[in-house]
Amino acid sequence: MATTDGSFNGMTEHCDSCGLDTLHEVSVQIRTESIKEENAQFSREPYRVSECQQCGHRSSQRMNNA
C-alpha cells in the first residue's frame with residue numbers, strides 16, 4: 001500500500017526494479033488508445049504513471065478497465 005512521505009508530489013511505494021520502498025513521482029495522464037484519427041477523441045483513457053526517484057523505473061496502469 002502506498003503512503004505519503006510528506007512531500008507535495010511524492011509517494012513512498014515498492015519499486016519492483018530496486019526491490020525497495022522508495023520515493024515515487026505519481027501522476028495521471030490521459031492517453032489516446034486508438035491509432036485511427038477519426039476515433040481518437042473517443043478512445044482517451046486515464047493512466048496512473050509512477051516513476052521511481054531512486055532508479056528511474058517507470059510504470060503505468062490503466063485506471064478504467066470498463
Side-chain angles (χ1 to χ4, degrees):
M1 174 169 279
T3 58
T4 59
D5 68 344
S7 68
F8 180 72
N9 64 349
M11 296 185 72
T12 301
E13 297 183 347
H14 182 77
C15 177
D16 291 334
S17 184
C18 293
L20 303 169
D21 291 340
T22 59
L23 182 64
H24 283 68
E25 184 174 327
V26 179
S27 62
V28 175
Q29 295 178 354
I30 304 298
R31 296 185 180 175
T32 302
E33 295 181 334
S34 176
I35 58 173
K36 295 182 180 180
E37 185 76 27
E38 64 272 7
N39 294 333
Q41 65 187 10
F42 302 109
S43 69
R44 297 182 303 179
E45 297 292 337
Y47 279 77
R48 180 186 189 275
V49 180
S50 177
E51 183 176 346
C52 177
Q53 299 300 291
Q54 183 75 25
C55 71
H57 177 75
R58 192 171 185 165
S59 63
S60 62
Q61 180 179 6
R62 188 174 190 231
M63 295 176 67
N64 182 7
N65 287 327

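Position 1 is the first residue of the sequence; numbering continues from there. Quick caveat: nothing in here was measured; it's all calculated off a predicted structure.
- Hydrophobic cluster of Met63: the remaining members, joined at side-chain heavy-atom separations below 4.5 Å, are Val28, listed by chain and number.
- When side chains are defined from C-beta on, Cys55 counts as touching Cys15, because their heavy atoms get closer than 4.5 Å.
- More than 12 heavy atoms of other shown residues, nucleotides or ligands fall within 6.0 angstrom of atom CD1 in Ile30.
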Before giving the answer on side chain to side chain contact (heavy atoms under 4.5 Å, CB included), spell out for Cys18 and Cys52 the whole-Å C-alpha distance, their side-chain angles and the decisive distance to 0.1 Å. CA-CA 9 Å; Cys18 293; Cys52 177; 3.8 Å; yes
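- In this structure, the side-chain hydrogen bond (donor to acceptor under 3.5 Å, both in side chains) partners of His14, at least two apart in sequence or on a different chain, are Asp21.
- Screening residues 27-44 for salt bridge (Lys or Arg N to Asp or Glu O under 4.0 Å) gives Glu33-Arg62 as the qualifying pairs, with residues at least two apart or on separate chains.
- Across all their heavy atoms, Ser50 and Glu13 have their closest contact at OG-OE1, 3.1 Å.
- By the 4.5 Å heavy-atom criterion applied to side chains, Thr22 and Gln53 are not counted as neighbours.
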